[in-house]
K.L.:
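My questions all concern the structure below.
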Amino acid sequence: MFDVLNAIYPWIKAVHIMAVIAWMAGLFYLPRLFVYHAERASVGSELDQTFQIMEEKLLRVIMNPAMIVAWIAGLIMIGLGAFDWGSVWAWAKIVAVILMSAAHGWMAARRKEFAAGMNTQTGRTYRLFNEVPTILMLIIVIAIVVRPF
């Protein structure tokens with residue numbers, strides 16, 4: 001089994017990278033949708049309904065599957081020895097990916113609040129939160145590519 005996985009390792013890595021790109025696109029775009037939803041749409045309005053459809057489809061059709069595939073491919077690569085568990089960079093990446101997943105969960109919860117007409121966050125909150133995936137992405141890429149620590 002490991003021989004087969006090692007043989008297709010480049011494909012697993014390619015799938016992982018593609019899934020991460022799709023996931024990150026959603027993590028960057030969803031908070032921006034929330035900004036406009038919070039600032040421009042009245043509960044129950046046509047615009048509110050449009051934003052709800054966009055947010056739900058982005059999360060369900062793109063972000064959730066991409067996150068799952070990124071995790072599965074990443075775990076397969078870890079299982080094949082892609083990580084040096086004695087290095088700080090590996091732990092930095094794992095922690096940042098877990099925090100990225102938590103950010104995803106936070107956004108999913110905010111989408112449900114919008115769907116229920118119960119959003120309590122401001123556009124400013126969503127603008128600030130939009131920076132969280134960016135910071136985590138910087139940590140992850142630097143940890144895995146540069147390995148400074």
Side-chain angles (χ1 to χ4, degrees), residues 8-80 82-85 87-149:
I8 62 170
Y9 180 84
W11 288 101
I12 296 167
K13 192 173 188 178
V15 166
H16 179 70
I17 291 168
M18 290 182 280
V20 168
I21 290 169
W23 186 24
M24 291 304 304
L27 288 169
F28 292 145
Y29 187 47
L30 190 56
R32 182 55 42 190
L33 285 175
F34 290 163
V35 167
Y36 298 122
H37 195 165
E39 292 180 350
R40 308 268 168 108
S42 303
V43 175
S45 69
E46 186 176 334
L47 187 56
D48 175 53
Q49 296 302 311
T50 300
F51 277 122
Q52 285 187 45
I53 291 167
M54 292 170 67
E55 293 156 359
E56 193 268 336
K57 287 192 183 282
L58 178 61
L59 195 62
R60 185 176 50 84
V61 176
I62 297 171
M63 292 173 65
N64 289 344
M67 180 184 70
I68 291 165
V69 170
W71 267 99
I72 290 170
L75 290 171
I76 290 170
M77 288 189 299
I78 288 171
L80 293 172
F83 257 41
D84 174 7
W85 292 105
S87 298
V88 175
W89 70 263
W91 290 100
K93 182 187 179 189
I94 289 292
V95 168
V97 170
I98 290 168
L99 291 172
M100 191 81 78
S101 299
H104 180 118
W106 186 85
M107 288 186 220
R110 301 299 72 78
R111 191 210 59 82
K112 287 180 181 177
E113 288 177 358
F114 274 115
M118 304 292 287
N119 176 54
T120 59
Q121 307 297 324
T122 65
R124 177 174 163 72
T125 300
Y126 294 122
R127 276 189 187 87
L128 290 172
F129 189 81
N130 205 126
E131 302 309 319
V132 170
T134 303
I135 293 165
L136 292 170
M137 184 254 326
L138 291 171
I139 292 167
I140 292 166
V141 170
I142 290 168
I144 200 74
V145 175
V146 180
R147 298 181 182 184
F149 32 80

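Just so you know, residue 1 is the first one in the sequence shown, and it goes up from there. Computed over heavy atoms, backbone and side chain alike; hydrogens, waters and symmetry mates excluded.
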K.L.:
Closest heavy-atom contact between Pro148 and Ala143?
P.N.:
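It is CD-CA, 4.3 Å.
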K.L.:
Could you label the plane-to-plane angle of the Tyr126 and Phe34 rings as parallel, tilted or perpendicular, counting under 30° as parallel and over 60° as perpendicular?
P.N.:
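Answer is tilted, since the angle falls between 30° and 60°.
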K.L.:
Taking Trp91 for the side chain and Trp85 for the main chain, is one N or O donor matched with an acceptor at less than 3.5 Å?
P.N.:
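Here the side-chain-to-backbone pair exists.
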K.L.:
Would you find more than 12 non-hydrogen atoms of other residues, nucleotides or ligands less than 6.0 Å from Tyr36 atom OH?
P.N.:
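Not buried by this count: 12 neighbours or fewer within 6.0 Å.
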K.L.:
Atom CG in Leu47, atom CD in Gln49: separation rounded to 0.5 Å?
P.N.:
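Those atoms lie 10.0 Å apart.
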K.L.:
Is the Trp23 ring parallel, tilted or perpendicular to the His104 ring (thresholds 30°, 60°)?
P.N.:
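It falls in the tilted class, 30° to 60°.
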K.L.:
Side-chain contact, heavy-atom cut-off 4.5 Å: Leu33 with Leu58?
P.N.:
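The answer is yes, as the side chains (C-beta and beyond) meet within the 4.5 Å cut-off.
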K.L.:
Should the heavy atoms of other residues, nucleotides or ligands under 6.0 Å from CH2 of Trp11 be counted, would the total exceed 12?
P.N.:
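Not buried by this count: 12 neighbours or fewer within 6.0 Å.
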K.L.:
Check the pair Ile139, Leu99 against side chain to side chain contact (heavy atoms under 4.5 Å, CB included), reporting the backbone distance first and the verdict last.
P.N.:
CA-CA 11 Å; Ile139 292 167; Leu99 291 172; over 6 Å; no
K.L.:
Looking at Arg147, I want to see if its CZ is surrounded by more than 12 non-hydrogen atoms of other residues, nucleotides or ligands under 6.0 Å.
P.N.:
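Yes, CZ of Arg147 has more than 12 neighbouring heavy atoms, counting only those of other groups under 6.0 Å.
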K.L.:
Tell me whether the count of non-hydrogen atoms from other residues, nucleotides or ligands lying under 6.0 Å of CZ in Arg124 goes above 12.
P.N.:
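Open.
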K.L.:
Grab the two heavy atoms, one from Ala38 and one from Thr122, that are nearest each other, plus how far apart they are.
P.N.:
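Taking Ala38 first and Thr122 second, the nearest heavy atoms are CB-C, 4.4 Å.
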K.L.:
Just verifying a value: how many Å separate Gln121 CD and Leu128 CG, rounded to the nearest 0.5 Å?
P.N.:
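Result: 11.0 Å between the selected atoms.
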K.L.:
For Pro31 and Asn130, which heavy atoms make the closest approach, and how far apart are they?
P.N.:
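The pair with the smallest heavy-atom distance is CB-OD1, 3.6 Å.
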K.L.:
When rounded to the nearest 0.5 angstrom, what is the spacing between NZ in Lys112 and CG in Leu59?
P.N.:
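Output value for this atom pair is 9.0 Å.
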K.L.:
Please report the closest heavy-atom contact between Ala92 and Phe149, naming both atoms and the distance.
P.N.:
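Looks like CB-CE1, 3.5 Å.
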K.L.:
For Tyr29 and Met63, what are the C-alpha separation, side-chain angles and deciding distance, and is it a side chain to side chain contact (heavy atoms under 4.5 Å, CB included)?
P.N.:
CA-CA 10 Å; Tyr29 187 47; Met63 292 173 65; over 6 Å; no
K.L.:
Side-chain contact test, heavy atoms from C-beta onward, threshold under 4.5 Å: evaluate it for Val97 versus Trp71 and give yes or no.
P.N.:
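Val97 reaches Trp71 side chain to side chain.
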K.L.:
For the atom pair CE (Met100) and CG (Leu27), what is the distance rounded to the nearest 0.5 Å?
P.N.:
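These two atoms lie 6.0 Å from each other.
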K.L.:
Using the side chain to side chain donor-acceptor pair (under 3.5 Å) rule, pick out the option among Arg60, Arg110, His37 that qualifies with Glu55.
P.N.:
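Per the side chain to side chain donor-acceptor pair (under 3.5 Å) rule, the option paired with Glu55 is His37, out of Arg60, Arg110, His37.
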K.L.:
Rounded to the nearest 0.5 Å, what's the gap from CD1 on Ile72 to CE on Met67? Could you check?
P.N.:
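Going from CD1 on Ile72 over to CE on Met67, the span is 10.0 Å.
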K.L.:
Check Ser42 against Ser45 and note the closest heavy-atom contact, atom names and distance.
P.N.:
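In terms of heavy atoms, the two residues are closest at O-OG, 2.7 Å.
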K.L.:
Looking at Ala103 and Phe129, what are the two nearest heavy atoms and their distance?
P.N.:
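Looks like CB-CZ, 3.6 Å.
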K.L.:
So with a 6.0 Å cut-off around CD of Glu46, is the heavy-atom count from everything else above 12?
P.N.:
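No, CD of Glu46 has 12 or fewer neighbouring heavy atoms, counting only those of other groups under 6.0 Å.
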K.L.:
Can you tell me how far the CD1 atom of Ile53 sits from the CG atom of Asp48, to the nearest 0.5 Å?
P.N.:
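The CD1 atom of Ile53 sits 10.0 Å away from the CG atom of Asp48.
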